[in-house]
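Step one of this worksheet: look at the structure below.
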Amino acid sequence: MIIYKAKDYQDLSRKAANIISAQVIMKPDCVLGLATGSSPVGTYKQLIEWYEKGDLDFSSVTSINLDEYKGLGPENDQSYRYFMNTNLFDHINIDKTRTFVPNGLETDSDKACADYDKIIDTSGGIDLQLLGLGHNGHIGFNEPADAFADGTHCVDLTESTIEANTRFFACEADVPRQAYTMGIRNIMQAKKVLVVVSGRDKAEILKKVVCGPITPQVPASVLQLHKDAVIIADEEAMALMD
Ligand code: GLP
C-alpha cells in the first residue's frame with residue numbers, strides 16, 4: 001500500500017487525476033472502475049479540464065462503476081448513473097455505450113448481479129479501480145459484514161450509510177435501502193486500486209483501514225493485501241496517522 005499525503009482536497013484531486021491520466025495515456029483502451037460520492041468529484045473535474053485542453057482522449061476507454069441504488073433508474077437525479085453522466089461522461093469523449101453501471105431498475109437481484117459480473121469478466125478486467133471510503137470502512141457498498149463478499153451482490157445499506165447519504169436526498173425516507181455493488185473479489189481483481197480520502201471525518205476510519213487488522217468489519221482493510229493499492233489522503237484525513 002502506498003499512501004500519498006495531499007495538502008487539501010484540490011491537491012488530492014489533482015494527484016488522483018494524474019494517476020488516472022497516466023493510465024489512460026499508457027493504455028488508451030483501458031478499463032476504468034469508477035466511483036461516486038463527494039470524494040472523486042474534484043478528480044473528475046480535473047480530468048474534464050485536461051480533456052478540454054486536449055491532453056486526454058477517452059474515446060477508447062471502457063468504464064465500469066462500482067455500484068447503484070436498487071430501484072433508481074438513469075433519469076433519477078440521485079441514481080449513480082445520473083451522477084456519472086453529469087459529473088463526468090457528459091463532458092468527455094467517452095463512448096457512453098461502453099460505460100457500465102449496475103441496472104438499478106432490475107428487480108431480480110440475482111439477474112442484475114450475474115449480468116454485471118459478466119460485464120466485468122468480459123471486459124478483460126479492470127485496469128484501475130477508483131474508490132472512495134465510507135465512514136464505516138465500506139468500499140462501493142460493501143458494508144461491514146461477517147465475511148468479505150465475493151462478486152456483485154445486493155446489499156441492505158446500514159443505518160450509518162443511509163444517514164450519510166441522506167444529504168443528497170430530500171429526506172431520509174427517500175434514501176433507497178438496498179443497492180447493487182461489486183464485491184470485494186471484483187475490486188481486489190483490479191490491477192491497480194486508487195483510493196481518495198478527504199476530510200477530518202474520515203481520519204478514524206482511514207487509520208483503521210491502513211493500520212488495523214484486516215477484517216470484513218472494516219471492508220477497506222482488505223486493500224492491505226492488494227499488490228498495487230494507492231491511497232491519496234488530504235492532511236485532515238491523515239490527522240491521526242504519524
Ligand atoms: C457511498 C458510495 C461509495 C462512496 C462512499 C463515500 O456510500 N457508495 O462508493 O465511496 O459513499 O462517499 P463520500 O466520498 O461522499 O464520502
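Just follow the structure's listing: the first ligand is 1, and inside any ligand the first atom is 1. Fair warning: this is a prediction, and the values are worked out from it, not measured in the lab.
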From T99 atom OG1 to L32 atom CG, the distance as rounded to the nearest 0.5 Å:
11.5 Å
Starting at CG of N93, measure out to CD of E52 and round the result to the nearest 0.5 Å.
11.5 Å
Please verify whether a non-hydrogen atom of [X] lies at under 4.0 Å from ligand 1.
X: H135; value: no
X: G140; value: yes
X: R167; value: yes

Report yes or no: do H138 and T161 form a side-chain donor-acceptor pair below 3.5 Å?
yes
Verify the distance criterion only: is there a donor paired with an acceptor across the side chains of R98 and S60 at less than 3.5 Å?
no
[X] neighbourhood, listing ligand 1 atoms whose heavy-atom distance to it stays under 4.0 Å:
X: Y80; value: 1 (C), 2 (C), 8 (N)
X: S39; value: 13 (P), 14 (O), 16 (O)
X: K202; value: 13 (P), 16 (O)
X: G132; value: 10 (O)

Below 4.0 Å, non-hydrogen atoms only: which portion of [X] touches ligand 1? Side chain, backbone, both or neither.
X: S38; result: both
X: N165; result: side chain
X: I139; result: neither

N/O of T36 under 3.5 Å from N/O of ligand 1, yes or no?
no
Geometry only, no angles: is T161 polar-contacting ligand 1 at N/O separations under 3.5 Å?
no
D174 atom CG: more than 12 heavy-atom contacts under 6.0 Å:
yes
Which heavy atom of the protein is the closest neighbour of [atom], given with residue, atom name and distance?
atom: atom 8 (N) of ligand 1; result: D67 OD2, 2.9 Å
atom: atom 11 (O) of ligand 1; result: H138 NE2, 3.6 Å
atom: atom 6 (C) of ligand 1; result: L133 O, 3.7 Å
atom: atom 12 (O) of ligand 1; result: G37 CA, 4.0 Å

Non-hydrogen side-chain atoms of Y51 and F58 separated by less than 4.5 Å
yes
Is the shortest side-chain heavy-atom distance between I3 and M238 below 4.5 Å?
yes
Under 6.0 Å between ring centres, would you say that holds for F141 and Y69?
yes
Under 4.5 Å between side-chain heavy atoms, counting indirect links through other Ile/Leu/Val/Met/Phe/Trp/Tyr residues: same cluster for L194 and L225 or not?
no
Test E235 against K202 for salt bridge (Lys or Arg N to Asp or Glu O under 4.0 Å), laying out the working first.
CA-CA 11 Å; E235 280 177 8; K202 298 278 175 76; over 6 Å; no
